[in-house]
Number of protein chains: 2
Amino acid sequence: MSSGRYLVDGKPYIAQRPKRADGRRNYDAILAAARKAFESAGADASLEDIASQAGVAIGTLYRHFPTRASLVEAATRDGLENLVAHAERLTAGPDPLDALIAWMREAVVHFSTFRGLVGILAQSMYDEGTPSHTMCSAMHRSGADLLRAAQAAGRVRPDLTPDELFDLLSGAAWVREQATPDRDGSARFLELALEGITTRD
Amino acid sequence: MSSGRYLVDGKPYIAQRPKRADGRRNYDAILAAARKAFESAGADASLEDIASQAGVAIGTLYRHFPTRASLVEAATRDGLENLVAHAERLTAGPDPLDALIAWMREAVVHFSTFRGLVGILAQSMYDEGTPSHTMCSAMHRSGADLLRAAQAAGRVRPDLTPDELFDLLSGAAWVREQATPDRDGSARFLELALEGITTRD
DNA sequence: TTGACATCCTGAGGTTGCCTCAGGTTGAAT
DNA sequence: ATTCAACCTGAGGCAACCTCAGGATGTCAA
């Protein structure tokens with residue numbers, strides 16, 4: 001039974017842009033095709049389709065991305081890095097609650113870039129043997145920092161833990177993932193959640 | 001491309017207990033095996049495994065349940081029927097907010113009977129061409145009734161819609177689904193959501 | 001009891017997607 | 001030009017999905 005972990009040489013495999021020119025070309029092409037495929041078919045898009053869209057044999061895809069999780073990780077790394085970077089910028093702002101709220105909104109969007117992502121991220125959050133774990137931990141830290149600041153300012157209930165914050169975020173993102181174009185409840189979802197975690201005047 | 005709908009003869013297929021003795025025997029055996037498999041492997045458990053566990057050829061499984069969705073529907077019908085029935089009993093209770101809360105707790109548990117169920121139910125809620133749609137609609141009505149009563153009593157914010165209630169429920173169930181034995185945030189999730197939707201004294 | 005037949009069952013086989021690996025190709029460093 | 005590590009290819013084994021032609025069987029009416 002495959003344990004649900006994705007280890008290579010005993011540690012999570014993080015795809016690295018290869019050195020040789022043809023390697024880089026293919027790596028980039030695969031990544032681009034993967035982003036497109038994930039967007040339209042979800043995280044369980046056919047890898048053979050992705051390879052063929054990238055104009056590459058299936059073996060080449062597996063060379064660069066030995067597991068589906070590693071491909072997802074590479075396809076979403078940029079977006080999540082931005083999210084972390086944005087958190088740092090927000091920390092400098094005047095109102096810690098506004099900062100937290102803005103970040104949460106942004107996080108929900110990134111978490112639901114394509115169908116199936118939240119599940120992978122939620123898994124990665126607490127499973128170290130996972131390509132996305134590194135990025136997830138970074139996000140966890142960002143969120144925790146913003147939360148702590150808002151709590152220190154007395155704007156968020158002090159008993160809320162970062163884990164709970166991420167449960168709310170993931171829930172909202174999941175709702176957004178499920179949403180049809182005409183019905184996206186994630187904004188309201190977040191609004192209600194915020195109602196639940198902020199302190200009253 | 002299979003459209004994500006599950007129609008047979010243009011309408012959602014609801015599995016019916018067959019008439020012949022051998023048919024009924026197999027139907028029941030398949031259902032029992034399916035429940036067990038879904039519980040341990042999630043909604044995407046192998047149908048061939050289920051058939052073989054039931055001591056039946058794969059064709060027999062497909063005869064009774066032409067789609068995976070129809071099998072899931074049959075496997076969860078009882079539980080969801082109970083949920084609807086319980087809602088009616090709760091309506092008679094003294095406190096409409098307590099009733100709503102109790103029902104929500106129960107709903108979350110039922111929605112997350114096995115991994116992947118919430119997604120199917122959320123899909124079915126708004127897609128009529130789906131086996132579970134009938135039961136989902138019934139639940140929607142139950143929830144809406146309880147909500148309306150709690151709102152009429154001034155205990156829940158009046159602007160909350162049933163759809164939004166179900167987004168919260170689904171979110172909580174999804175979090176529960178993801179949870180590992182040591183970390184189930186769904187109870188706290190619901191608590192926070194309730195904090196967000198109840199009116200202040 | 002015995003047809004007659006609708007219902008039911010079987011499992012081979014076509015299809016797709018996953019993933020591996022032996023063998024061939026090529027970029028780049030010397 | 002030579003060398004070789006890095007890279008690429010695609011056949012092929014495996015698992016799961018789903019269908020369908022052919023065979024078996026329970027039921028019911030005579």
Side-chain angles (χ1 to χ4, degrees), chain A residues 1-9 13 15-34 37-38 40-72 74 115-116 120 131, chain B residues 1-9 13 15-34 37-38 40-72 74 115-116 120 131:
Chain A
M1 171 165 169
S2 108
S3 72
R5 285 189 168 151
Y6 313 93
L7 303 178
V8 172
D9 281 339
Y13 176 90
Q16 294 186 17
R17 205 144 171 277
K19 316 235 169 76
R20 244 172 66 173
D22 53 346
R24 258 177 327 203
R25 236 188 346 261
N26 288 335
Y27 178 96
D28 291 342
I30 293 167
L31 213 44
F38 288 154
S40 72
D44 52 356
S46 157
L47 297 181
E48 315 226 86
D49 272 4
I50 292 175
S52 111
Q53 282 299 315
V56 137
I58 184 66
T60 301
L61 185 149
Y62 277 97
R63 169 171 187 80
H64 292 299
F65 307 98
T67 66
R68 167 172 244 111
S70 70
L71 182 53
V72 168
R115 202 166 39 74
I120 294 170
Chain B
M1 173 165 168
S2 108
S3 71
R5 284 188 171 151
Y6 313 93
L7 302 179
V8 172
D9 283 337
Y13 175 89
Q16 292 185 17
R17 207 143 168 276
K19 316 239 169 77
R20 241 171 69 173
D22 53 346
R24 257 175 327 189
R25 235 190 345 260
N26 288 334
Y27 179 96
D28 291 343
I30 292 167
L31 212 45
F38 288 154
S40 71
D44 52 356
S46 158
L47 297 181
E48 317 227 83
D49 272 3
I50 292 174
S52 110
Q53 282 299 315
V56 137
I58 183 68
T60 301
L61 185 149
Y62 277 98
R63 170 172 186 79
H64 292 299
F65 307 97
T67 65
R68 167 172 243 112
S70 69
L71 183 52
V72 168
R115 203 168 38 74
I120 293 171

Rounded distance (Å) that lies between atom P of dC7(D) and atom CZ of R17(A): 12 Å
Just jot down the ring-ring contact (aromatic ring centres under 6.0 Å, His included) partners of Y62(A), sequence neighbours excluded, or say none. none
When rounded to the nearest 0.5 Å, the distance separating CG of L31(A) from CZ of R17(A) is 9.5 Å
Listed by chain and number, what are the side-chain contact (heavy atoms from CB on, under 4.5 Å) partners of S46(A), not counting sequence neighbours? E48(A), D49(A)
d(CZ, R63(B); P, dC18(D)) in whole Å: 18 Å
F65(A)-Y13(A) aromatic ring centre distance below 6.0 Å: no
Give the rounded distance in Å between these two atoms: CD1 of I50(A) and P of dC19(C). 12 Å
What does G23(B) touch in the nucleic acid at a heavy-atom separation under 4.0 angstrom: a base, only the sugar-phosphate, or nothing? sugar-phosphate
Are any protein N/O atoms closer than 3.5 Å to N/O atoms in nucleotides 14-17 of chain D? If there are, list each pair with its distance.
unit_1  : atom_1 : unit_2 : atom_2 : d
dC17(D) : OP1    : L47(B) : N      : 3.4
dC17(D) : OP1    : R68(B) : NH1    : 3.0
dC17(D) : OP2    : L47(B) : N      : 2.9
dC17(D) : OP2    : E48(B) : N      : 3.4

Would you please confirm or rule out a distance under 4.0 Å between OP1 or OP2 of dC8(C) and any side-chain N or O of T60(B)? no
Using modelled atom types only, decide if a donor and an acceptor are shared between the side chain of R68(A) and the backbone of A43(A) within a distance under 3.5 Å. yes
Under the side-chain contact (heavy atoms from CB on, under 4.5 Å) test, residues paired with A37(A) that sit two or more places apart: A45(A), I50(A)
Each nucleotide in nucleotides 25-30 of chain D should get exactly one letter: B, S or -. Can you fill that in based on protein heavy atoms under 4.0 Å? BSS---
CD1 of I30(B) versus P of dC8(C): gap in Å, rounded? 12 Å
Any side-chain heavy-atom pair from L71(B) and H64(B) closer than 4.5 angstrom? no
What integer distance in Å separates L61(A):CG from dG17(C):P? 14 Å
Using a 4.0 Å heavy-atom cut-off across all strands, classify P18(B) as base, sugar-phosphate, or nothing. sugar-phosphate
Between the side chain of R63(A) and the main-chain N/O of G23(A), is any donor-acceptor distance below 3.5 Å? no
Using the test side-chain contact (heavy atoms from CB on, under 4.5 Å), find all partners of R20(A) that sit at least two apart in sequence or belong to another chain. D22(A)
